[in-house]
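Let me begin by presenting the structure, written as structure tokens, before commenting on it.
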Amino acid sequence: MKKFSITFVFLLLLGKQTIAAEAGMPQLDPEYWASQAFWLILIFASIYLLIDKIFIPKIKSNIDMREDKIRKDLEEAKNFKEEAEKKLKNYQDLIQVAKNDAKKIISESRIKLNEDIQTKKDEIQKKIDQETKDADNEIKKFKSDSLKKVGSISEEMVSEVIKDIFGEELNKSSIKAAVSETLKEKNKNI
Amino acid sequence: MANPMHQFKVHKIGPEIEISGINLSFTNSSLFMVISAVLIITLLLLGTREKKMIPGKLQLISEMLYNFISKMISDTAGKKAKPYFPFIFSLFVFILFCNMVGMLPYSFTVTSHIIVTLTFAMFIFIGVTVLGFIIHGFKYLKIFVPSGVPLVLLPIISIIEIISYLSRPVSLSVRLFANMMAGHTMLKVFGGFVVSLGLIGGWLPLSFSVALTGLEILVAFLQAYVFAILTCIYLNDALNLHH
């Protein structure tokens, strides 16, 4: 494309040259070559000096400053992150310790409670046993007492009945023997 | 139709300056060099006036330029080319601004003159060659003897290498000069067509002109970039001697 356009222009120029005598490439006219080279060197050298001495150091220092700042900020952020992670770990450790403590306390108190319950149970059982025993004894006593009373009442009643029926008194000891015999038989049946 | 080459005419402005028989008058070419230089300095001055953590527009432009050229140099010529950064920076910016100022109507394109581009190219060529001999001494001639070439072919290859080395300033200068000249001539020719074809037929060349203007702005940037990157490559050859 470029080559084509260049040849196109040259052909155009060639055609022009045949028509207009003074046409041509002003670039090839050496009249101002020295002047162009001279001014180019002068102006380019001054630009070069300005850029080298003033502008590039300025731009560079600014870019460096920004990079420094970014690096510092990144480092700071990293530090903060590490600190936060440390704190989180501390917190988690604390929680773990607390959990363990709680577990220990719970298990301990459970054991203690069980022991307490056991001792209380034992005490109560003992008491119950005692009471039962006492009650049994009392019942036995009542029983024997009542039997004795029933015996003497029966004797009296029997002697009264006999006196009423037969009009005479019977030997007390024989009545007693008969009553106690009957009672014994009755008790056996009971 | 106006002569499309007329825009490249150099004429003196002000008095004639002559030093020991050489004509060094201030010309329109010099004027546009000065305008480009003033624009560069203004941009950089405004761009570096404030040192803000978050850059403004102009500061951003100057920093982008700095980073762009810095990356270009480190990519092509490595760390050793760091001392030549200001030169490459100035070179790129100056050529870029001369090309861009040339895109303004009625302006003069400094880089469309072979003498200007040849001055740059010769300076770079001689500078790089001298640098190569200073750094590597006599061994710099190894650049003409590529390694891994059969002994029979070596004389031919060396001759080719020498020719290609010597043609560097020519290719470097002609590339920029021809691109700028061709582009501006085409713009002028199509502009002339617009006028001569009038209201009825002028629209087609006008649209061409608009498209070409966009293309030429791209070329103006691209050629400045190519010039700078080729300088970096030549510099790399002198600094690192790869052959």
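Each chain gets a letter, A, B and so on, in the order its sequence line appears, and its residues count up from 1. Scope of the values below: all heavy atoms of this structure, side chains included, with no hydrogens, waters or symmetry mates.
- For the atom pair CD1 of B:Ile22 and CH2 of A:Trp33, the computed distance is 14.5 Å after rounding to the nearest 0.5 Å.
- For a residue to count as touching a neighbouring chain, one of its non-hydrogen atoms must lie under 4.5 Å from one of that chain's; by this rule B:Phe8 touches chain A with backbone and side chain alike.
- Of residues 36-73 of chain A, those residues lying under 4.5 Å from chain B by any heavy-atom pair are A:Gln36, A:Ala37, A:Phe38, A:Trp39, A:Leu40, A:Ile41, A:Ile43, A:Phe44, A:Ile47, A:Tyr48, A:Leu50, A:Ile51, A:Asp52, A:Phe55, A:Ile56, A:Lys58, A:Ile59, A:Lys60, A:Ser61, A:Asn62, A:Ile63, A:Met65, A:Arg66, A:Lys69.
- Between A:Gln27 and B:Phe177, the closest side-chain pair of non-hydrogen atoms falls below 4.5 Å.
- Both the backbone and the side chain of B:Leu91 come within less than 4.5 Å of a heavy atom of chain A.
- Looking at every heavy atom in both residues, B:Ser30 comes nearest to A:Ser35 through OG-OG, 4.3 Å.
- Both the backbone and the side chain of B:Ser62 come within contact range of chain A, each with at least one heavy atom under 4.5 Å from a heavy atom of that chain.
- Atom CD1 of B:Ile54 has 12 or fewer neighbouring heavy atoms from other residues, nucleotides or ligands inside a 6.0 Å radius.
- Between atom OH of residue A:Tyr32 and atom NE2 of residue B:His113 there is a gap of 12.0 Å, rounded to the nearest 0.5 Å.
- Counted within 6.0 Å of CZ on B:Phe26, heavy atoms from surrounding residues, nucleotides or ligands total more than 12; the atom is thus considered enclosed.
- Heavy-atom distances place both the backbone and the side chain of B:Leu45 under 4.5 Å from chain A.
- The OG1 atom of B:Thr27 sits 10.5 Å away from atom CD of A:Glu31, with the distance rounded to the nearest 0.5 Å.
- In this structure, chain A has heavy atoms under 4.5 Å from both the backbone and the side chain of B:Leu24.
- For A:Glu181, the CD atom is loosely surrounded, since the number of other residues' heavy atoms within 6.0 Å does not exceed 12.
- Looking at B:Ile41, both its backbone and its side chain come within 4.5 Å of chain A, counting heavy atoms on both sides.
- Interface remark: B:Tyr66 contributes side-chain atoms only to the contact with chain A (heavy atom separation under 4.5 Å).
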